[in-house]
Amino acid sequence: MFQPAPGNVSFPKQEEETLEFWRERRVYEKTLQRRAGQPKFVFNEGPPTANGLPHPGHCLTRAIKDVFPRYRTMRGYFCERQAGWDTHGLPVEVEVCKELGIHAKEEIEAYGIEPFIHKCQASVWRYMKEWERLTERIGFWIDLGSAYVTYHQSYIESVWWSLKQLFDRGLLYKGHKIVWWWAQGGTALSAGEVGQGYREVADPSVYVRFPLVGEENASLLVWTTTPWTLPSNQFAAVHADMEYARVSDEQTGQRLILAAALVETLAKKLKRELTVEETFPGSALLGKRYIPPFNYYYQTLGKKTGALKEGGVEHLAWRVVAAEFVTLESGTGVVHQAPAFGEDDFNVLQGERARFQADAGPELICAVGPDGRFTAEAGEWQGRWVKDADKEITRNLRDRGLLVHQEQYIHNYPFCWRADQDPLIQYPRESWFIRTTAFRDRMLENNRRINWLPEHIRDGRFGNFLESNVDWALSRERYWGTPLPIWVCEKTGMMEAVANYDDLLKKPGAAGAEVWEQAKQANPELVEDLKVHKPYIDAVTYDSPFAHGARMRRVPEVIDCWYDSGAMPFAQLGYPHCEKEKFEQQFPADFISEAIDQTRGWFYSQLAISTMLFGDEQHVTDDTPLHEFPHPFRNCIVLGLMLAEVGVCDKCEQRYNDPSVAKCEKCGGNVSRRTEKMSKKLRNYREPQEIFDRYGADALRWYFFANQTPWSSIIYSERAIKEKIPEFLLRLWNVFSFFVSYSNTSGFDPADLLAGEAGQLKPETLRTAAGYRPFEERNELDRWVLSELNRTAAAVVERMDAYDNFVACARLNEFVDALSNWYVRRSRDRFWENWRREGESKTFTNLDLASIPKLDAASREKLDGYWTLYECLTTVSKLIAPFTPFLAESLWRNLTGVFGPRAEESVHLCDYPTGDASAVDAQLSDRMRLVREIASLGLSVRADKKLKVRQPLSKAEVILSDTLHQAWLESHDALLRDELNVKQIEYTQETEKYVNYQVVPNFRLLGPQLGKLMPKVQGALKKINPGELLASLNATGEAKLTIDGQEVTLSSESIEVRLQAKEGWAAAQGHGGVVVLSTELTPDLLREGYARDLVRFIQERRKEMNCQYDDRIAVVVGVDAPELGQAFKENEAYIRNETLAVEFAVSPLKNAQAADQQLAGQPLTLDVQVAGA
RNA sequence: GGGCGCAUAGCUCAGUUGGUUAGAGCGCGUCGCUGAUAACGACGAGGUCCCAAGUUCGAAUCUUGGUGCGCCCA
């Protein structure tokens, strides 16, 4: 007996039980053991940070990350899954600062770096429990116990090893980086933080003259909104291809040079005429020298030149250069360049430097200190806060006649999000860089070999990003991060990199480790990993090999935490300090997946690090292995963003987090749905846990997998998740529930019929069961559904191998639909078989095995039906296992539980079905499709003519577009007769009576042949007599047309015949043909219809009475209308059989008032009693 | 400002290499079924495939330009 499977199942509850089962039986571990030694499928987990709560977006990534490893495991691969946590970085520090109520770096240092670090380490695990719960609940099978953690010593030492490789190869260097700088706090802000602090402000907008050297009274006219950067001016930039003009200003007698297109705009501002004297391209200005507005630097450097690489010399600064970013949007088309205070400007400087020989180019000029105040180099402005100096600088320029115009400029400018009165400034900081630009081409090549899904990422967003690669700014002036493992000689400034802690302590004269030892002694709870962190690691120094008596001290910086995560392919194992061999076996990864926001994050950091370390034989050291592209991953699914769905009132903008609200509670206006970014602040989404509790993890997973391609942005819509349940999960459950209840009542128990090991219930095992007949002996419907099953399995495997979960799910959905809506629907009669035979309660229970071959035909067919459905359901549970692992497990455990230990305990231990090609019957598929189409057309006619299906009709006539399958259909029309409730189906020859023919060319075939002739052939076919054409085709296999004197030969493949039903018939047309129903209702047919109506009344009554399936009843029908009485009498056998009525009587209606039913407009009473009760 | 992507039914989304009745689910309407039954099914209505131009015998699909939206970067 199968466990009962009621229709009103609670999936969430069932899932919790399944989780318990998996835990208890250690099923995940068993799936790994089962595949030990098999080929590997390598999945790498991109580490999330556990210091924030998981949200719905994480559910998507976790679901996608789960489905492919599960699938591959079932396909026979050994797929270990190591979890990981990203633990370093500014977000952690910010959280701790919040907790401590402090902001600035000074405050952190005042609090003490040591306790601060301890707090960071603890804070990292704040939401660990929530993450682990989510991971388990959504069914993401991954080894949490062996998770890699980026702050662990072994991880950090792997990172150190890689950095030492880069350092030793000369790929790490110190340079400047322009950052958004909070001067008051003394810290740089990340892009995300800067983005939060934009505000609209009014800044001075000044137009300043830069007099040209050696040109009479002519000046460049430059525009800036940051006058305080003028003392640090180094260049003026123009666009080489834009047109410039020299204009004369009559009032001042000055001649100004600016973009020609902006002359008029400027004239309006100045409210006076400017006369254009000459125009020329920007390229004509290149190289011209000018006198900057302040001469602090100019007085010493103004005349200096340097040697160029290409030969010759050039002035270091204060000349015109070309830049692409110069536009006509605002200003004058001549842009003041202060490389210290803008990234674009800085890049210009870098470009200039690259033209000079080593160390001969211009240095960065910066007249501002890190505190945001002018330095001594700025003369009179020294000590002034730069933003305060704007006004005075402007006045100074006016006094000296350099200011041409001044106004207010309103724009967005960033302020510190922690101190909103403090404007940020762009400021150069010393930083360590990785020379990634040297690997640009190799990264591009590597990228080309990666299978990106969607494809456009490769040459689009990611490829473009790689094309414009700049050196990786690696270092951070922060506290909680992987320390940069570089030690500097205090005397010579010479440096070396260290690959691990032991090496460090073995250095000659190493000292300082005791700082850690003492801390550990004072507080034994400190985790050992902290010893490789600040401040302990900073205490470790050693004797300089470069200068006698000098010490080596570590640089103060930590590194970008993206480097941490990018090192994950080897650092998760602690490579190369350990697990060397294992790393070799699992590199590169077969599969990774994250959302699109990781393009410049984890996708890039992995690719860059891997390309530099493992890809370039010229630089590689002896013990570093080389790898063929692609690495470090072969396939990557880039997920779309997840959006929240909310309701917003059209009138008053009131927000509703439940998008199903239709009327505004405040103003009564219409609430319309809107999608927007998910936001923790707005809480505009439902917590994942609530979704699990209401609908279950499978519902959410199926929604993610089956509703859209993974890369389209996904709307996290509760309604949509809910709606997916009946379409697939519940439909499948209903089929299963149907199977279980009938099997139990009929006594079908596969465990009784199948001896020995049942294992995975594979086809070869099923074939050994008693009563399991070979396909070819079963009926058409069984063969059809098994063919569809195997076709589906093959298609799903094909799609999943290509990482296409969406189409795979569509295939599964189609099959479950076919199983439910055609196979079960059309097979119900068979499953009911035994109840229909009055007085017979024969079931398969305790069936003598030897007597099975002697079963009568009906019983055999019934047994076939059970075996077929059983095979479909067990196979489907395997097929859906990677997608909806919970439902799959519930189905499997119930379907195979009857075998006890003879069957596999979990569906996830099974092999994935790949489809048996020999069981696929394409012709049968086509035929069944045709049958379903004809049935559909027939039902369409009935609906159109208001002829309910219960009313039998005498005949349906079918005219097929293509008579290929006609003979088969004729010999298999019982199914259609039953479905359409007609007495006879005729494949009529009198086609002209019902239909018009239309001959349409096969464009795909003829198009390439005929080219321009195509429309004319199309026109000719419209006019032609189709009968003659078809006759010719039938007789000779071809037909000829003459178009424009040219003969065109048509074969039967080159045309398609379409049928159109003529007016006046109850007919419907489709691709396959036309169905015409005979609508004449004879008294016989009507009476039969009445009998069916009565059966329905009685069945309804049985249901109301809560009859058992096999209860026998006694029925008395009270009716006066003679035609009804006659109808019931004539069809008594049918009525008794359908309703299990052992007694059936028709009596005159006693009291018309008491009639509880109406049939054909006549009153009727119904008295139903359980027989013998 | 630059890059990338998206735009198809009321909603959420599919749509292979260009091929002539553009699909699915939900919703809606009509009806059916009633021993899968707090289910289920059928049928139907609903589309200028964002706009415009081009390439082509033929464009939802390719090209260009525009419009709107989103993301990333500046």
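Labels below follow one simple rule: chain letters A, B, ... track the order of the sequence lines, proteins then strands, and each chain is numbered from 1.
Residue-level contact check: A/Asn821 touches the backbone only, with heavy atoms under 4.0 Å from sugar-phosphate atoms and none from bases. Using a 4.0 Å heavy-atom distance criterion, A/Thr709 is classed as a sugar-phosphate-only contact. Among the atoms of the strands shown, only primed sugar atoms or phosphate atoms (P, OP1, OP2) are found under 4.0 Å from some heavy atom of A/Ser940. Base engagement by A/Val824 is indicated by at least one non-hydrogen atom pair under 4.0 Å involving a base atom. Among the protein residues, A/Pro1001 comes within range of no part of the nucleic acid, since none of its heavy atoms lies under 4.0 Å from any strand. Backbone-only contact: A/Phe806 has heavy atoms under 4.0 Å from sugar-phosphate atoms and none from a base. A/Ser468 comes within 4.0 angstrom of nothing in the nucleic acid, heavy atoms only. Counting any heavy atom pair closer than 4.0 Å across all strands shown, A/Arg600 reaches sugar-phosphate atoms only and no base atom. Counting non-hydrogen atoms under 4.0 angstrom, A/Val807 reaches nothing in the nucleic acid.
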Next item on the list: Could you summarise the pairing of RNA chain B as dot-bracket text, marking Watson-Crick and G-U pairs under 3.5 Å with ( ) or [ ] inside the strand and | across strands?
Entry: (((((((..((((.....[...)))).(((((.......))))).....(((((..]....)))))))))))).
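Here the closest heavy-atom approach between residue A/Pro710 and residue A/Ile637 is recorded as CB-CG2, 4.1 Å. The shortest heavy-atom contact between A/Val348 and A/Gln337 is CG2-OE1, 3.3 Å.
If you take atom P in B/A42 and the same atom in B/G27, they sit 14 Å apart, rounded to whole Å. Annotation: B/U37 and B/C50 have their C1' atoms spaced 46 Å apart (nearest Å). Nucleotides B/C57 and B/C51, compared at atom C1', are 26 Å apart to the nearest Å. Taking atom P on both B/A52 and B/A59, the two are 14 Å apart, rounded to the nearest angstrom. B/A60 and B/A38: their C1' atoms are spaced 43 Å apart (whole Å). Spacing between B/G65 and B/C26 at atom P, rounded to whole Å, works out to 41 Å. For B/G18 and B/A24, the C1' atoms lie 23 Å apart once the distance is rounded to whole Å.
Among B/C40, B/G19, B/U12, the nucleotide with an atom closest to any side-chain atom of A/Phe1003 is B/G19. The side chain of A/Arg1004 approaches B/U17 more closely than any other nucleotide in the set B/C57, B/C40, B/U17. Across B/C40, B/C26, B/C4, the shortest atom-to-atom separation from the side chain of A/Glu723 is found for B/C26. The side chain of A/Ser936 has B/C43 as its nearest neighbour among B/U34, B/C43, B/A36. Distance from the side chain of A/Gln708 is smallest to B/A14 among B/C4, B/A36, B/A14. Nearest to the side-chain atoms of A/Tyr742 among the listed nucleotides B/A36, B/U20, B/G32 stands B/A36. The side chain of A/Pro1015 sits closest to B/C57 out of B/C13, B/U20, B/C57.
Atoms CG (A/Asp459) and P (B/G5) sit 10 Å apart, rounded to a whole Å. Rounded to a whole Å, the CZ atom of A/Arg811 is 11 Å from the C1' atom of B/A14. Note: CD (A/Glu467) to P (B/G3) measures 13 Å, nearest angstrom. Put simply, CG on A/Leu939 is 9 Å from C1' on B/G41, counting in whole angstrom units. The nearest whole Å value for the distance from the CZ atom in A/Arg461 to the P atom in B/A74 is 13 Å. Following rounding to the nearest Å, A/Ile1098 (CD1) and B/U37 (C1') show an atom-to-atom distance of 18 Å. Nucleotide B/G58 holds its C1' atom 15 Å from the NZ atom of A/Lys1016, rounded to whole Å. The interatomic distance linking A/Glu718 (CD) with B/C26 (P) rounds to 18 Å, in whole Å.
Dashed line: the shortest gap from a side-chain N or O of A/Ser712 to OP1 or OP2 of B/A14 is under 4.0 Å. OP1 and OP2 of B/U12 both lie 4.0 Å or more from every side-chain N or O belonging to A/Asn707.
Although no hydrogens or angles enter the test, the distance criterion places no donor-acceptor pair under 3.5 Å between the side chain of A/Arg811 and the main chain of A/Thr792.
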Notebook entry, point to check: Yes or no on salt bridge (charged side-chain N to carboxylate O under 4.0 Å, His left out) for A/Glu723 and A/Arg719, after CA distance, side-chain angles and deciding distance?
Noted result: CA-CA 6 Å; A/Glu723 279 169 359; A/Arg719 188 176 53 102; 3.8 Å; yes
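Judged purely by distance below 3.5 Å, without hydrogens or angles, the side chains of A/Glu718 and A/Tyr695 pair a donor atom with an acceptor atom.
Heavy-atom distances to RNA chain B give each of A/Glu979 and A/Leu819 a nearest nucleotide, and the one nearer the 5′ end belongs to A/Leu819. The residue among A/Ala720 and A/Glu727 whose nearest nucleotide of RNA chain B lies closer to the 5′ end is A/Ala720.
Taking 3.5 Å as the limit, the base of B/C40 and the side chain of A/Arg731 contain no donor-acceptor pair of atoms between them.
Taking the six-membered ring for Trp, A/Tyr604 and A/Trp562 have ring centres at least 6.0 Å apart.
A/Glu467 is listed as a side-chain neighbour of A/Leu444, based on a closest heavy-atom distance under 4.5 Å. Contact check for A/Val941 versus A/Leu980: no side-chain heavy atoms found under the 4.5 Å cut-off. Between A/Tyr1090 and A/Leu1094, every side-chain heavy-atom pair lies at or beyond the 4.5 Å cut-off. Side-chain contact between A/Leu976 and A/Val982: absent, with no pair of heavy atoms (C-beta onward) separated by less than 4.5 Å.
In this structure, A/Phe465 forms no aromatic stack with the base of B/C73, since the conditions of centre separation below 5.5 Å and plane angle below 30° are not both met.
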